[in-house]
Amino acid sequence: MADSPVITRFAPSPTGHLHIGGARTALFCWAFARRMGGRFLLRVEDTDQARSSEASARGILEDLAWLGIDWDEGPLLEAGRSEGGRAIGGDPRGVGPFFQSQRRAVYDGVIDGMLERGSAYADFSSSAELDARRKRATEANETFRYRPDDGEILPVAEQRRRIDAGESHVVRLRSPQDPVRVVDEVLGEVKFGAGEVDDFVLRKPDGFPTYHFGVVVDDETMGVTHVLRGQEHLMNTPRHVVLQRVLGYRMPVYAHMPLIFNDKGAKMSKRERDQTAREAVKTAGLTAPPPGTMDEHSFGAWLSDKKRQLETRQLEALAGAMHLRLPEVSVDDFRRAGYLPEVICNFIALLGWNPGMKNEDGTDLEKFDRDFLARHFDLARIGKTNSRFDRRKLESFNHDAIGAMSDDEFARRWRGWCAVHDPGLLAKIGARFPLLAAAVRPRCATLADGRDVGGFALIDDDAVVYDPGAVKKHLLKGEPSGLSLLARLGEALARVEPWEPGAIQATVERFAAEAGVGIGQVAQSLRVAVTGTGVSPGLGETLALVGKAGVLRRVGRCGERAAFSGRA
RNA sequence: GGCCCCAUCGUCUAGCCAGGUCUAGGACGCCAGGUUCUCAUCCUGGAAACCGGGGUUCGAAUCCCCGUGGGGUCACCA
């Protein structure tokens, strides 16, 4: 309907990185707004003074922009500056600001009215008292609900006087004890009995609103029509609905989405990464930090304290030194690990939503882009069941996406990634980068894999490390042995001109035919001689990358190695 | 523990709302073959699920109830 545009919002709390679950929530909010021709807005819920940070807010905004999730209203962000740039956000309707910390006057105005009407009251009791009561209730195995009798609440004038005197206090909702019924777009009808909602806090002693109060006031003020959020918020809904009723607000449409767990079936959390690393350190029996990762003191402190978390940089350095793969949990993690933003969007959309369409070959349609989501996303097809995050499948999707790219496109993307995450590779490979990219592309599941696959091209010629197994299998065995072919092969290769994959390949094939041995044997001996292992991209590409001089040097060095006398 | 949600292959799911066409389809992973100079691709084939018990019905993966299991939530965090 033209007169009732859909308005959705994503409202992250800037206390850390954007979690993959949060990214999905944002994506669904975005997709739904797009599909309905509505607006998607972003609001930063920075009401926890101790934990919120500007850097975190900035990071979350950038992660969203990177995923291609752009908001119509919200904080301004200059995104993609390197690629022409675009500005996201703004306040066309004048409903901002979009940082809750800047909206105190709005909340205070609402609170004042509630205090006057007696629908809220100031509570001057200390949090210590409350904690004690809560503890007693818990020990007695009772549910603790803060709900004083009418007589215990101070007269309005008295409240006013003590507030004006500057006494520390919280403001609580005088909660009507009515049942609440919500028809959730995902879960259907959900009922909450009368008395489930207690006199929860609306405004904290520091003057900042609580989450519940901020959400309800802002959603109303900003005209939010549809609230899409994780199921962990389901039990917050009756609170919000009660508040809305007290304030005479409209109730938005709710849609609670299933949760995403890690592959172990536990909630995905940042601690996982530290846990994984800590376990690896312990099984490896490491007692000191690997060189260049961190100092001994922080290492020891981190190792002995399960709750302690390393800085991202330290953790990554440690994992790198130990050749350890850390589980990704934030968008930022996936980005550094070399996943493509469009693949992440595709994959997380599938965690809880399904288009329910078939491809022409009868298989289920599950590969799609953001534009598809913007055209087909709907609430009705959001599932109810929690899902596990299957990294193998994500990897497969990413691999397929890379496989579908042209060499040029891949080179462009990989170069962009390297510029941020692996500048050393760019410096080392120089002008041969396009060649490397082409060779490596079909073998990469992530952009980070390129370094491993093409590692042979990134080392010095005399730094090749020979894998004993490969040497034994491909150089020492057989008659004639690979080793014995190498010298003559070198001579043949020296005459190759121009030095490019096709010509190299042809020469090797001719050599094999003339020597009367299989192409496989020749190729493998050469591969081992040049890369040190029996695995690499196609032989022509591999040799082309190393360069003629490099290949001849490596072949020569390989032939000289006494270590190949058979004892390996 | 109270309240609330959920339940199809190992994992993500289609099918369920409008019961029969389901000897339950697909994807990832796994296993076995084939193509290939290795690897990765690619091709072919395979194993693999309706949580249990009651109903309703001629007929239930689909509807209802109970049980069990899993999850969420119980802050002056969001």
Side-chain angles (χ1 to χ4, degrees), chain A residues 11-15 45-48 50-52 123 126-127 130-131 134 138 141-146 168-172 184 186-188 190-193 196 198 200-206 208 210-212 214-215 230-238 256 258-259 261 263 265 267 347 350-359 361-367 380 383-397 399-400 403 440-445 453 470 474 505 508-509 512 518-528 531 533-540 542:
Chain A
S13 166
T15 54
E45 310 218 322
D46 55 346
T47 55
D48 185 334
R51 296 199 307 145
S52 297
D123 175 5
S126 73
S127 60
L130 239 177
D131 287 346
R134 199 182 341 263
T138 309
N141 225 341
E142 285 165 11
T143 305
F144 178 74
R145 286 196 189 85
Y146 189 84
S168 178
H169 67 284
V170 297
V171 174
R172 291 178 179 276
D184 188 275
V186 171
L187 301 171
V190 183
K191 289 174 172 170
F192 305 90
E196 285 295 318
D198 69 357
F200 62 91
V201 173
L202 305 177
R203 190 173 68 190
K204 299 182 272 187
D206 64 5
F208 279 71
T210 58
Y211 161 73
H212 304 296
V215 160
Q231 233 171 68
E232 74 265 22
H233 284 295
L234 185 59
M235 295 310 283
N236 290 153
T237 308
H256 287 92
L259 272 16
F261 297 111
D263 43 19
K267 204 169 170 180
F347 187 72
L350 243 19
L351 259 28
W353 185 78
N354 187 291
M357 298 179 197
K358 297 278 186 200
N359 293 306
D361 63 1
T363 56
D364 290 355
L365 174 68
E366 51 177 17
K367 298 276 181 71
K384 298 178 179 181
T385 43
N386 298 158
S387 51
R388 294 186 187 208
F389 194 95
D390 183 359
R391 277 194 187 72
R392 306 303 296 269
K393 187 158 178 171
L394 201 219
E395 225 172 82
S396 167
F397 271 39
H399 181 263
D400 289 349
V440 127
R441 187 178 63 83
R443 294 160 181 81
C444 285
V453 177
H474 301 297
Q505 178 72 23
V508 171
E509 279 171 18
I519 178 78
Q521 196 196 344
V522 179
Q524 281 306 82
S525 344
L526 250 184
R527 198 181 319 266
V528 174
T531 71
T533 75
V535 177
S536 87
L539 193 65
T542 300

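We name chains A, B, ... by the order of the sequence lines, and we start the count at 1 in each one.
We find that CZ of A:Arg172 is positioned 8 Å from C1' of B:rC76, with the value rounded to whole Å. Rounded to an integer number of Å, the gap from CZ of A:Phe261 to C1' of B:rC12 is 14 Å. Rounded to whole Å, the distance from NE2 on A:His212 to P on B:rC74 is 8 Å. Whole-Å rounding puts the A:Tyr211 OH to B:rU73 C1' distance at 12 Å. Atom C1' of nucleotide B:rG72 and atom NE2 of A:His256 are separated by 11 Å, given to the nearest angstrom. Atoms CZ (A:Phe347) and P (B:rC12) sit 10 Å apart, rounded to a whole Å. In this structure, CZ of A:Arg441 is placed 10 Å from C1' of B:rU41, rounded to the nearest angstrom. One atom, CZ of A:Phe389, and another, P of B:rU13, lie 12 Å apart when rounded to the nearest Å.
Nucleotide B:rC22 forms no Watson-Crick or G-U wobble pair with any nucleotide shown, as no partner meets the under 3.5 Å limit on both distances. Pairing for B:rA7 goes to B:rU68, judged as Watson-Crick or G-U wobble with the two contacts each under 3.5 Å. The partner of B:rG2, taking Watson-Crick or G-U wobble pairs whose two distances both stay under 3.5 Å, is B:rU73. With both pairing distances under 3.5 Å, B:rU38 is matched to nothing as a Watson-Crick or G-U wobble pair. With a cut-off of 3.5 Å on both pairing distances, B:rG29 has no Watson-Crick or G-U wobble partner at all. The partner of B:rG59, taking Watson-Crick or G-U wobble pairs whose two distances both stay under 3.5 Å, does not exist in any strand shown. Base-pair partner of B:rC16: not found among the strands shown (Watson-Crick or G-U wobble, both distances under 3.5 Å).
Of the candidates B:rC37, B:rA78, B:rA40, B:rC37 carries the atom nearest the A:Ala523 side chain, counting heavy atoms from C-beta on. For A:Thr210, the listed nucleotide lying nearest its side chain is B:rA78; candidates were B:rA78, B:rC37, B:rC12.
With sequence neighbours excluded, no residue satisfies ring pair (Phe, Tyr, Trp, His ring centres under 6.0 Å) with A:His474. For A:Phe192, there are no ring pair (Phe, Tyr, Trp, His ring centres under 6.0 Å) partners, not counting sequence neighbours. For A:His212, the ring pair (Phe, Tyr, Trp, His ring centres under 6.0 Å) partners at least two apart in sequence or on another chain are A:Phe200, A:His240.
Looking at A:Asp184, its side chain does come within 3.5 Å of a backbone N or O of A:His256 through a donor-acceptor pair. Judged by distance alone, the side chain of A:Glu45 and the main-chain N or O of A:Gly214 form no donor-acceptor pair under 3.5 Å.
A salt bridge links A:Asp48 to A:Arg51: one of the charged nitrogens lies within less than 4.0 Å of a carboxylate oxygen. Remark: A:Glu196 engages A:Arg145 in a salt bridge, criterion side-chain N to carboxylate O under 4.0 Å. In summary, A:Arg388 and A:Asp263 do not engage in a salt bridge, as defined by a charged side-chain N under 4.0 Å from a carboxylate O. The existence of a salt bridge linking A:Lys393 and A:Glu366 is confirmed by a sub-4.0 Å separation between a basic side-chain nitrogen and an acidic carboxylate oxygen.
No side-chain heavy atom of A:Ser52 sits under 4.5 Å from any side-chain heavy atom of A:Thr47.
With both ends at atom C1', the span from B:rU8 to B:rG70 equals 15 Å, rounded to whole Å. Nucleotides B:rU21 and B:rG72, compared at atom P, are 37 Å apart to the nearest Å. One C1' atom belongs to B:rG19, the other to B:rG55, and the distance between them is 15 Å to the nearest Å. Comparing the P positions of B:rA49 and B:rG25 gives an interatomic distance of 11 Å, to the nearest angstrom. As rounded to the nearest Å, B:rU35 and B:rC50 have C1' atoms that lie 38 Å from one another. One P atom belongs to B:rG26, the other to B:rG46, and the distance between them is 10 Å to the nearest Å. Only the C1' atoms considered, B:rG53 is 26 Å distant from B:rG10, to the nearest whole Å. Nucleotides B:rU41 and B:rG29 place their P atoms 8 Å apart, quoted to the nearest Å.
Residue A:Pro537 is classed as a base contact, given a heavy-atom separation below 4.0 Å to a base. Among the protein residues, A:Phe208 comes within range of no part of the nucleic acid, since none of its heavy atoms lies under 4.0 Å from any strand. A:Ser536 comes within contact range of at least one nucleobase, with a heavy-atom separation under 4.0 Å. A:Ser126 comes within 4.0 angstrom of a base, heavy atoms only. A:Gln505 comes within 4.0 angstrom of a base, heavy atoms only. Across all strands shown, A:Ser127 has heavy atoms under 4.0 Å from base atoms, whether or not it also approaches the sugar-phosphate. Nucleic acid contact for A:Asn236: base, since at least one base atom lies under 4.0 Å from a heavy atom of the residue. A:Gly534 comes within contact range of at least one nucleobase, with a heavy-atom separation under 4.0 Å.
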Show each protein N/O and nucleotides 64-70 of chain B N/O combination with a separation under 3.5 Å, one pair to a line.
none

Under 3.5 Å, which protein N or O atoms sit close to an N or O of nucleotides 1-5 of chain B? Give each pair with its distance.
from: B:rC5; atom 1: O2'; to: A:Gln231; atom 2: OE1; distance (Å): 3.4

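Closest non-hydrogen pair, A:Val201 versus A:Thr210, comes out as O-OG1, 2.8 Å. A:Leu365 approaches A:Lys367 most closely through the heavy-atom pair CD1-O, 3.6 Å.
Where A:Arg203 and A:Gly540 meet RNA chain B, the nucleotide closest to each residue was compared, and A:Gly540 sits on the side nearer the 5' end. Residues A:Thr47 and A:Gly538 each lie close to RNA chain B; by heavy-atom proximity, the contact nearer the 5' end of the strand is made by A:Gly538.
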Using a 4.0 Å heavy-atom cut-off, write out nucleotides 23-30 of chain B from 5' to 3' as B (base contacted by protein), S (sugar-phosphate only) or - (no contact).
--BBBBS-
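A side-chain donor from one of A:Asp123 and A:Tyr146 sits under 3.5 Å from a side-chain acceptor of the other. Side-chain atoms of A:Thr542 and A:Ser536 include a donor-acceptor pair closer than 3.5 Å.
Atoms CG and CG, on A:Leu234 and A:Leu187 in that order, are 6.0 Å from each other to the nearest 0.5 Å.
Between A:Arg134 and the phosphate of B:rC76, there is a side-chain N or O to OP1/OP2 separation shorter than 4.0 Å.
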